[in-house]
Amino acid sequence: MTVLQNPGVPSATDGGAEPLVSPVRSHTEWDPLEEIIVGRLEGATIPSDHAVVTCNVPPWAGRLQGLAAGFRYPRLLVEQAQQEIDAFVALLESLGVTVRRPEAVDHRRRFGTPDWTSRGFCNTCPRDSMLVIGDEIIETPMAWPCRYFETHSYRPVLKDYFRRGARWTAAPRPQLTDELFDPDFRVPGPGEPMRYILTEFEPVFDAADFVRAGRDLFVTRSNVTNATGIDWLRRHLGPEYRIHEIESRCRTPMHIDTTFVLLAPGKVLINPEYIDADRLPDVLGSWDVLVAPEPDPIDERLLKITSMCGKWLSMNVLMLDEKRVIAERHHTGMLRALEKWGFEPIPCDLLHYAPFGGSFHCATLDVRRRGPLQSYFD
């Protein structure tokens, strides 16, 4: 039998072939950025009505989402965000960063499993559905049913990375049946013990609940990431990595990048509303803990009622290296604070991306950063 090899891809039996060099290599949030994936707005659909969705967004956005679930986003919202994301991509490319994009998808198409059906959402935030650890991309088991097949729009990019030498892994695809969700869940009030809508029925997690500092990762348990999901990743990565849990006071936690942001070796930015600096993991004892300034208010009424994110989106920055950082132009308080702390902020507009799930960190997945795997802690 003749075995045909993929042209241009050396196999294990190609004795004289050059070894593959993975185009995927990223160990931290701050090493010099070389290649990145940026999400798309085309086909964006208001997420299907589900308790795990509405519990994670601001109340006004939850009520609006429940009424309009399954419909396309209004053209006005899409056009404003599209102008900003196009300018952001142009900025990255002007700075020498290679930008990759997913395919455009019609997210209104209905899909399902033997247990449920749903429409989609959008592929605006690759940070949620994929986690890069070194030369490996891990597709994450997300808890929102409307995001079940979201990584399919990235498959051409993932296949290209794999053929060129990257490792490509998918966590166990969750069932997302009723057993995963607490039917009696309600958001805990101030002073009440923390509780989450997720049970431990199966492992689920969003990659955006994790940030990386070489051999150490930090995570927040949330309404999209359960303890079983954190344990799955801990076992998958093995003893070479350590995962530290960050305790959040947010009553509706979802994603770490507006709570705890790694900026550079020895510098971490925290949300003073959600984080008690005295309760951070001991490994951070020698680090500078920078407290985020109060975000500048958003006066645009339509944006206030359609944003899926809280006010602390000002913290959702993207590090280009240990000094340069892309931050939202509107949040002048954050820009001034970054300068005071010794960084070089690059202002950019992405305010109108909030109805689609985030800002610069959410909208991207850093695929390759120039730097070795190392430990930044004793």
Side-chain angles (χ1 to χ4, degrees), residues 24 26 29 35-48 50 52-53 56-57 85 99-107 109 111 113 118-134 136-162 166-176 180 198 202-212 217 219-220 222-226 229-230 232-233 236-237 254-258 308-309 316 318 353 356-368:
V24 175
S26 181
E29 306 294 325
E35 184 163 338
I36 200 165
I37 298 175
V38 177
R40 279 193 182 277
L41 286 153
E42 292 90 338
T45 299
I46 296 170
S48 298
H50 191 286
V52 76
V53 177
N56 277 316
V57 299
I85 198 71
V99 177
R100 303 291 299 270
R101 310 294 297 277
E103 290 186 320
V105 174
D106 178 8
H107 293 278
R109 293 180 62 185
F111 56 81
T113 75
S118 177
R119 298 188 193 276
F121 174 33
C122 54
N123 48 16
T124 54
C125 296
R127 182 73 57 179
D128 305 348
S129 60
M130 294 172 288
L131 179 62
V132 175
I133 305 290
E136 180 180 22
I137 294 185
I138 303 170
E139 293 185 58
T140 62
M142 294 193 290
W144 284 20
C146 60
R147 307 189 75 175
Y148 202 69
F149 292 109
E150 194 169 304
T151 55
H152 281 211
S153 62
Y154 298 92
R155 287 299 172 89
V157 178
L158 293 173
K159 291 173 186 175
D160 174 59
Y161 288 153
F162 176 72
R167 290 186 295 151
W168 177 14
T169 302
R173 189 177 291 278
Q175 294 172 276
L176 302 188
L180 179 61
L198 300 176
E202 61 188 344
V204 289
F205 61 91
D206 278 14
D209 272 322
F210 295 82
V211 286
R212 305 153 304 144
L217 282 73
V219 62
T220 49
S222 75
N223 283 324
V224 291
T225 295
N226 62 9
I230 296 170
W232 182 91
L233 185 62
H236 175 75
L237 296 179
M254 179 178 173
H255 299 168
I256 198 172
D257 45 14
T258 55
M308 296 187 69
C309 311
N316 203 259
L318 178 68
Y353 212 71
F356 305 92
S359 191
F360 300 108
H361 196 255
C362 300
T364 58
L365 180 69
D366 37 316
V367 172
R368 188 170 65 256

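Position 1 is the first residue of the sequence, and the numbers go up from there. Computed from a predicted structure; not experimentally measured.
- Within the 4.5 Å cutoff, the side chain of N316 has no heavy atoms near those of the H255 side chain.
- By the 4.5 Å heavy-atom criterion applied to side chains, R368 and S26 are not counted as neighbours.
- With sequence neighbours excluded, the residues forming a side-chain hydrogen bond (donor to acceptor under 3.5 Å, both in side chains) with Y161 are E35, listed by chain and number.
- Taking every heavy atom of both residues into account, P172 and P141 meet most closely at O-CB, 3.4 Å.
- Once rounded to the nearest 0.5 Å, the distance linking OG1 of T124 with CZ of F356 reads 7.5 Å.
- Considering only heavy atoms from C-beta on, V99 stays 4.5 Å or farther from I37 through its side chain.
- Under the side-chain hydrogen bond (donor to acceptor under 3.5 Å, both in side chains) criterion, R167 pairs with D135, sequence neighbours left out.
- E29 and H361 share a side-chain donor-acceptor pair at under 3.5 Å.
- Atom CZ of R109 sits in a sparse spot, with 12 or fewer heavy atoms from other residues, nucleotides or ligands closer than 6.0 Å.
- T169 places none of its side-chain heavy atoms less than 4.5 Å from the side chain of E139.
- Of the inter-residue distances, the one linking T140 atom OG1 with M130 atom CE reads 8.5 Å to the nearest 0.5 angstrom.
- Judged by distance alone, the side chain of W144 and the main-chain N or O of V52 form a donor-acceptor pair under 3.5 Å.
- By the side-chain hydrogen bond (donor to acceptor under 3.5 Å, both in side chains) test, S222 pairs with D209, sequence neighbours left out.
- Counting heavy atoms from C-beta on, the side chains of T220 and T225 never come closer than 4.5 Å.
- G357 and C309 get closest at one heavy-atom pair: C-SG, 3.5 Å.
- In this structure, the side chains of V132 and L365 come closer than 4.5 Å at one or more pairs of heavy atoms.
- N226 approaches L198 most closely through the heavy-atom pair N-CD1, 3.9 Å.
- A ring-centre distance under 6.0 Å is found for F111 and F149.
- Atom CD1 of I137 sits about 9.0 Å away from atom CH2 of W168, to the nearest 0.5 Å.
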Intermediate values then yes/no, side-chain contact (heavy atoms from CB on, under 4.5 Å), H107 and F121 = CA-CA 6 Å; H107 293 278; F121 174 33; 5.5 Å; no
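- Here the side chains of C146 and R119 are not in contact, with every heavy-atom distance at 4.5 Å or above.
- A donor and an acceptor atom, one from each side chain of S153 and N123, are located under 3.5 Å apart.
- The residues R127 and D366 are annotated as salt-bridged, a charged nitrogen and a carboxylate oxygen being separated by less than 4.0 angstrom.
- The CG atom of D160 lies 15.5 Å from the OH atom of Y154; values are rounded to the nearest 0.5 Å.
- Contact annotation: the side chain of D257 approaches that of C362 to within less than 4.5 Å [non-hydrogen atoms, C-beta and beyond].
- Rounding to the nearest 0.5 Å places OH of Y353 at 4.0 Å from CD1 of I85.
- Remark: aromatic rings of F210 and F205 are close, center separation under 6.0 Å.
- Atom OH of Y148 is separated from atom OG of S118 by 11.5 Å, given to the nearest 0.5 angstrom.
- Between the side chains of E136 and H236, at least one donor-acceptor pair of N or O atoms lies under 3.5 Å.
- M142 and P174 make their closest contact through O-CG, 3.8 Å (heavy atoms, listed as atom of the first residue, atom of the second, distance).
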